[in-house]
Amino acid sequence: MTTQIDQLAKALLDAPVGYVEQTVSMIIKKPVYLKVVEQEPVSGTKYTRKIVIGHGQFPILRAVVNFDSKNISKIRLDFLRSCKDS
């Protein structure tokens, strides 16, 4: 049992945030939210983002995500820019 939990934890830690959000939702069989609490530039196109995944008023998971905006797909980047403009 511990091995299975360790494998699940490693898979979630290595996965994109959206996948983790979907997985948590499937596990608890409830809709969850993903909230960006804070985002800070590190250097150039690299950022650190603090997020919370939760259900209702309760946080389930808090994480610090490091990413490079150069690695974001053009479709997703266009969507994020349209949200910023509106």
Side-chain angles (χ1 to χ4, degrees):
M1 181 71 168
T2 303
T3 303
Q4 290 175 341
I5 293 172
D6 290 344
Q7 290 172 347
L8 175 62
K10 176 144 178 46
L12 289 175
L13 288 172
D14 292 340
V17 173
Y19 176 76
V20 176
E21 178 187 17
Q22 291 172 347
T23 303
V24 170
S25 180
M26 287 175 19
I27 290 170
I28 68 170
K29 297 182 172 115
K30 303 274 184 198
V32 297
Y33 64 85
L34 184 136
K35 179 180 176 184
V36 176
V37 178
E38 182 180 327
Q39 179 172 308
E40 297 178 6
V42 176
S43 66
T45 58
K46 295 182 180 182
Y47 294 87
T48 296
R49 182 180 280 172
K50 295 179 182 177
I51 61 137
V52 173
I53 297 174
H55 171 70
Q57 297 178 351
F58 302 102
I60 297 170
L61 180 74
R62 294 174 198 245
V64 176
V65 180
N66 298 308
F67 70 96
D68 189 333
S69 63
K70 287 191 288 188
N71 297 333
I72 298 176
S73 70
K74 182 173 176 6
I75 295 170
R76 184 157 305 217
L77 197 54
D78 289 344
F79 172 75
L80 291 172
R81 286 183 181 145
S82 71
C83 291
K84 184 178 179 182
D85 293 338
S86 59

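Any value given below was found using the heavy atoms of this structure, including those in side chains, with hydrogens, waters and symmetry copies removed.
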Check ring-ring contact (aromatic ring centres under 6.0 Å, His included) between Y19 and all other residues, then give those that pass, not counting sequence neighbours.
-> none
Would you give me the side-chain donor-acceptor pairs under 3.5 Å for residues 33-42, sequence neighbours excluded?
| unit_1 | atom_1 | unit_2 | atom_2 | d |
| --- | --- | --- | --- | --- |
| Q39 | OE1 | R49 | NE | 2.7 |
| Q39 | OE1 | R49 | NH2 | 2.4 |

How would you list, by chain and number, every residue that makes a side chain to side chain contact (heavy atoms under 4.5 Å, CB included) with K70, sequence neighbours excluded?
-> T45, D68
Mind checking whether V65 and V32 sit in one hydrophobic cluster, side chains of I, L, V, M, F, W, Y counted as touching below 4.5 Å?
-> yes
Which pairs of donor and acceptor atoms, one on a side chain in residues 53-62, lie under 3.5 Å apart (sequence neighbours left out)?
| unit_1 | atom_1 | unit_2 | atom_2 | d |
| --- | --- | --- | --- | --- |
| H55 | ND1 | P31 | O | 2.7 |

Tracing side-chain links under 4.5 Å among I, L, V, M, F, W and Y, which residues wind up in one group with M26?
-> none
For N66, enumerate each residue passing the side-chain hydrogen bond (donor to acceptor under 3.5 Å, both in side chains) test, keeping only those at least two apart in sequence or located in another chain.
-> T48
Salt bridge (charged side-chain N to carboxylate O under 4.0 Å, His left out) partners of residues 20-33, not counting sequence neighbours, each pair once = none
